Amino acid sequence: MAPTAQPPTFLAGVIEGFYGPPWSPAERLALFDWMAAWGLNTYLYAPKDDLQHRIRWREPYAADAAARLGELIGACRLRQLRFVYALSPGLDIRYAQEAEIETLRARFEQVRALGAQDFALLFDDIPDRLHDEDAQRFGSFAAAQCHVANTLFDWARHMAPEGRFLFCPTAYCGRMAERQVGGPGYLQTLGRELASGIDVLWTGPEIVSREISVAHAREVAQVLRRRPVIWDNLHANDYDGRRFFCGPYAGRPPALREAVAGLLSNPNCEFPLNYVPLRTLAALVRCAGGWDARAAYLAALREWLPQFSLLGRPAAFEDLLLLGDAFYLPHEEGPEAEALFASAARLLTRPPTSWGSEADEFRQRAVRLRQFCTRLAALDDRALFHALCRRIWELREELDLLEHYIEFKAQPGNENAPFRSDFHLPGTYRGGLVARLQRLLVQQPDGTFQPAPPPS
Ligand code: GDL
C-alpha cells in the first residue's frame with residue numbers, strides 16, 4: 001500500500017479523552033513521536049479525570065501545571081502536530097450567565113498564552129436538563145450550547161485565524177440521536193445554529209461503534225450541515241477494567257476519509273497498549289488502493305514485537321499473535337483466540353469419550369498462551385508489563401482451570417466425576433460483589449436481559 005497524503009485540514013490522530021488516570025508527560029512525548037513518525041497530525045487534550053478539564057473546569061492551572069502544559073504544547077509544535085485543548089463545562093455550567101462564558105474564555109486564554117491555537121468544548125456525558133433560567137433564555141439545550149460555543153469560537157478565531165474549534169454534542173452517536181438525548185431536534189438545531197467553522201465530534205452509530213459506514217457519516221453530515229470529526233472509541237477500554245484492545249483499526253473503510261473531517265482515536269487508558277491501534281489508524285489514514293485491516297494488524301504487530309524483549313531475549317511472533325488476538329477488538333476476538341475459544345466450547349458440549357485429538361489441539365494453544373502470559377513477567381519494558389499484568393493474570397487463571405478440567409475429564413472413569421481445583425476456590429475465585437451482581441441478570445444473544453435461573 002503506497003502512502004497517500006491527506007489534505008492538511010483532515011484531522012488524524014489521538015484524543016486523550018478517557019476516564020481514569022491521564023497519561024504521564026513521558027507517555028505523551030512518546031505518543032507525539034509515534035504520531036510524527038506515522039503521519040498523524042492532531043492530539044486532542046481531554047482527559048476526563050484531569051480535574052481542571054471537567055469537574056473543576058472554572059479553575060485555572062497553577063503555575064507548575066501550566067508550565068507542564070506549556071511543555072506539552074511546545075512538544076507538539078516541535079513535531080508540527082496540532083494540539084487541541086478541550087474543556088468540559090457541561091456538568092454544571094449555567095449557560096445564560098455571561099460570567100460563565102468569561103470564565104471559559106479566561107481558561108482558554110491561559111492555555112493560548114502557553115502556545116495553543118486550537119480549542120474544543122465538550123458536552124458529552126452530562127445531564128441533559130437545563131436550569132430554569134437557561135431554559136427561559138434559550139428554549140433548548142442545543143441553543144444554549146450553541147450560544148456558548150459560538151461566543152468562544154469568535155474569540156478563538158480572532159486570536160488565531162488558522163486554529164480549529166471542535167464541539168462534542170451531548171447526543172454524540174446514532175443511538176443517542178434516536179433516543180432524542182438533548183431533547184427533540186437537538187442535532188438539527190446544532191446543525192443550524194452552530195457557527196459553520198466549528199467541527200462537530202461524533203462516535204458513529206454507537207458510543208463504541210463496530211462499524212462506521214460512509215452512508216452513516218453522510219447521514220450525520222446532512223443533519224449537522226458539516227462533515228463530522230470521528231471521535232473513535234473502538235479501542236477505548238475505560239468501560240471495562242478486564243479488557244484492552246490491541247486489534248487493528250477496523251470496520252471503517254478508506255472511503256470514510258472523504259465523508260468525515262477527521263478520524264481521532266480515544267484508545268486504551270494504558271498508553272503502552274496502544275501501539276497497534278494507533279499504528280493501524282495511521283496506516284488507514286494514509287493508505288491508497290486496497291485496505292486489509294488484518295494485514296495492517298500483522299504488520300503493526302511485527303513492528304511492536306521488539307518491545308516484547310524478555311530479559312534481553314526476543315519473544316516469538318506466534319506468541320504475541322496469540323496474545324494480541326486474545327485482546328483484539330470489543331466485538332470480536334482475533335482468529336487465533338476465537339479458534340481457542342471455539343475448541344474449548346466444542347469440547348464442553350460433547351462427552352469426554354468422544355474428544356479424541358481435539359483435546360490436544362485445545363491444550364497446545366492454551367498452554368502456549370498461558371505460558372507466554374507467565375513469561376511476560378520478565379518483560380524488560382516494565383511499563384508494558386504493568387499495563388498488561390492484571391488482564392493476563394485473569395486470562396492465565398481461566399486457561400489453567402480449563403486445561404485442568406479437560407485433562408481430568410479425559411481420564412478414563414472421570415467422565416461423570418465432579419471436578420475441583422485447589423487454585424480456584426469459592427470466595428477468592430470469581431468472587432466479590434461485582435461478580436455476583438453480574439451473575440444475577442443474564443444477557444441474551446438479542447441483547448435483552450433475563451434473571452438468571454435459580455441455582456439447582
Ligand atoms: C464515552 C466518552 C469517552 C469515553 C468513552 C468510552 C465520548 C464522546 N465520551 O462516551 O470519554 O472514554 O465513552 O467509555 O465518547
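Nothing here was measured: the structure is a model prediction, and the numbers come from that model. In each ligand, atom 1 is the first atom listed, and ligand 1 is the first ligand listed.
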Tell me, which protein residue and heavy-atom name are nearest [atom], and how many Å apart are they?
atom	value
atom 8 (C) of ligand 1	Asp124 OD2, 3.4 Å
atom 4 (C) of ligand 1	Asp238 OD2, 3.3 Å
atom 3 (C) of ligand 1	Gly17 O, 3.6 Å
atom 13 (O) of ligand 1	Ile207 CG2, 3.5 Å

Tyr45 and Trp23: CA distance, side-chain angles, deciding distance, ring-ring contact (aromatic ring centres under 6.0 Å, His included) verdict:
CA-CA 10 Å; Tyr45 178 92; Trp23 290 331; over 10 Å; no
Shortest heavy-atom approach to atom 1 (C) of ligand 1 - which of Trp202, Tyr239, Tyr172
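Answer by nearest heavy atom: Tyr172.
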If you measure every N or O of Tyr19 against every N or O of ligand 1, does any of those distances drop under 3.5 Å?
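There is no such contact.
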N/O to N/O below 3.5 Å, does that happen between Asn233 and ligand 1?
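Yes; the residue has a nitrogen or oxygen that sits under 3.5 Å from a nitrogen or oxygen of the ligand.
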Salt bridge or not between [X] and [Y]? Use side-chain N to carboxylate O under 4.0 Å.
X	Y	value
Arg227	Glu258	no
Arg28	Asp33	no
Asp125	Arg54	no
Asp118	Arg112	no

Just by distance, no angles: are the side chains of Gln110 and Tyr85 close enough, under 3.5 Å, to form a donor-acceptor pair?
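Judged by distance alone, the side chains do not pair up.
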